[in-house]
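Down below is the structure, laid out as structure tokens.
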Amino acid sequence: MRRRNFLLLSGSGLAAAGLAACGGSGGGGGESGGGSEVEVFTWWAQGSEKAGLDALVEQFEKDYPDLTFVNGSVAGGAGSAAKDMLQSRLQAGDPPDTFQAHAGLELADYIDAGQLEDVSDLYDEYGLTEAFPSDLVELLTLDDEIYSVPSNIHRSNVVWTNVELLEAAGIDPSAVPSDVDAFIADVQKAADSGVTGLSIGTTWTQVNLLEAILMADLGSEAYNGLWTGETDWNGAEVTTAVGHFEQLIALTNTDRDGLDWTDATQMQIDGTAAYSVMGDWAVASFQQAEWEDGKDFGYFPLTGGEAIFGFLADSFTLPVGAPNPDGAKAWLDTISSQDGQLAFSLAKGSIPARTDVDTEEFPAYQQTAITSYAEDAISPSLAHGAATPVAWLNEISDATSKFTTGASDVAGYQEELATIAEKHASA
Ligand code: GAL
């Protein structure tokens with residue numbers, strides 16, 4: 001089987017260490033094999049995500065003044081609308097010049113379908129092999145060929161708090177709940193004070209919550225085993241996790257299915273929701289609202305005792321048949337350069353994938369992410385393409401939506417998750 005095991009990735013030695021040096025690998029050319037326009041396909045269409053993309057575009061325009069960035073973004077968090085649209089375009093032979101894809105098994109889908117060009121020569125040309133942690137490059141490699149270039153690393157398993165609402169509910173905002181039961185007790189307390197306990201959005205944000213609970217309840221080893229067939233989806237630990245998921249969903253806003261992550265975070269900023277569980281792109285929204293870390297908002301990983309970093313990385317590709325491959329390579333140069341990685345992560349709430357970016361000026365939250373990525377156990381994100389191919393994630397999403405809309409019960413949901421795993425683990 002060609003599918004590689006995500007779990008080559010380990011925390012140690014992967015620190016986004018602070019080594020100052022300046023300049024990317026170059027740019028400045030503006031040479032283009034297919035005109036001056038470069039269409040970049042992402043789902044960073046609004047709010048703080050758009051601000052992150054804008055930071056990259058600014059750097060791109062500095063590096064390649066003769067090229068014109070064309071924004072091919074499709075709104076919808078986690079690519080919830082973009083991925084289907086991209087698939088139709090790829091199948092119709094109408095690829096953008098470059099598109100966003102997660103490192104890990106999501107990328108394997110595109111590789112297996114023959115939709116991506118090998119970009120290993122760019123790793124040599126731009127000096128990227130040494131710049132990225134080797135375990136991360138491994139996730140982008142198949143049969144010795146490298147298929148994308150990472151722009152950043154995000155963490156998926158973070159609880160965000162509205163400090164004022166916690167205080168009003170009699171919860172110490174600086175205390176980190178020791179396990180999921182303790183967290184649920186606090187969310188219940190917040191809900192009892194008259195606000196939404198936990199704000200959440202549509203299906204993918206619910207899957208993001210599920211994965212954070214699974215990581216906390218099972219621990220990294222057993223969680224990681226869910227994707228390799230080593231952990232039994234019918235087991236008691238998963239039953240506990242699914243039960244916790246049910247309890248937490250009952251404490252969320254009932255209009256969730258019509259909302260994206262941005263709306264759920266906005267509920268906290270508006271003072272109507274105490275908690276959310278979301279990837280750390282959420283910090284960029286708090287920062288954009290000029291909320292003060294520790295005074296207005298707080299954060300901690302959802303934990304069952306073990307320190308786990310829920311891992312995902314955005315990366316960019318060179319699709320087969322891209323109209324402007326040279327323009328795409330220029331984009332890949334900018335997003336992989338020190339300047340590009342610094343500008344992007346500062347705006348996006350992520351941390352650089354390169355290990356040689358000076359991260360001293362990063363805000364407090366990102367400093368915690370840098371430390372945690374270096375020291376904690378690493379677990380691949382389900383909702384963000386690291387743990388499974390898209391087909392497996394889609395089926396989990398459908399089962400989750402069935403459950404949260406009341407069309408299945410806890411036992412039925414767990415059974416369905418187990419059946420899906422059986423099918424994909426043996427695929
Ligand atoms: C993730 C992506 C992040 C962020 C998030 C919300 O899948 O990796 O960069 O954009 O979705 O849309």
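Note that ligands are numbered from 1 as they come in the structure, with each ligand's atoms numbered from 1 the same way.
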Among protein heavy atoms, which sits nearest to [atom], and what does the distance come to when rounded to 0.1 Å?
atom                    : answer
atom 2 (C) of ligand 1  : D314 OD1, 3.4 Å
atom 12 (O) of ligand 1 : E49 OE2, 2.5 Å
atom 1 (C) of ligand 1  : H384 ND1, 3.2 Å

Quiz item: Any chance CD of E221 has more than 12 other-residue heavy atoms, nucleotides or ligands included, within less than 6.0 Å?
Solution: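 No.
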
Test your reading of the structure: does [X] have an N or O sitting under 3.5 Å from an N or O of ligand 1?
X    : value
Q100 : no
A78  : yes
W43  : yes

Quiz item: If you measure from the Lys or Arg side-chain nitrogens to the Asp or Glu carboxylate oxygens, is any gap between K402 and E416 under 4.0 Å?
Solution: yes

Self-check item: Taking every non-hydrogen atom, the tightest pair across S148 and L140
Solution: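 Closest approach of S148 to L140, heavy atoms only: OG-CD2, 3.2 Å.
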
Close side-chain approach of [X] and [Y], heavy atoms under 4.5 Å:
X    : Y    : answer
W331 : L56  : yes
F300 : V158 : no
P301 : I308 : no

Taking only heavy atoms of [X], which atoms of ligand 1 are found under 4.0 Å from at least one of them?
X    : answer
K348 : 3 (C), 4 (C), 9 (O), 10 (O)
H154 : 3 (C), 9 (O)
G77  : 12 (O)
L312 : 8 (O)
H102 : 1 (C), 2 (C), 7 (O), 8 (O)
W261 : 6 (C), 12 (O)

Check: [X] ring centre within less than 6.0 Å of [Y] ring centre:
X    : Y    : value
W43  : H102 : yes
H384 : W204 : yes
F99  : F316 : no

Quiz item: Any idea which part of N152 is under 4.0 Å from ligand 1, heavy-atom wise: side chain, backbone, both or neither?
Solution: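 Neither; no heavy atom under 4.0 Å.
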
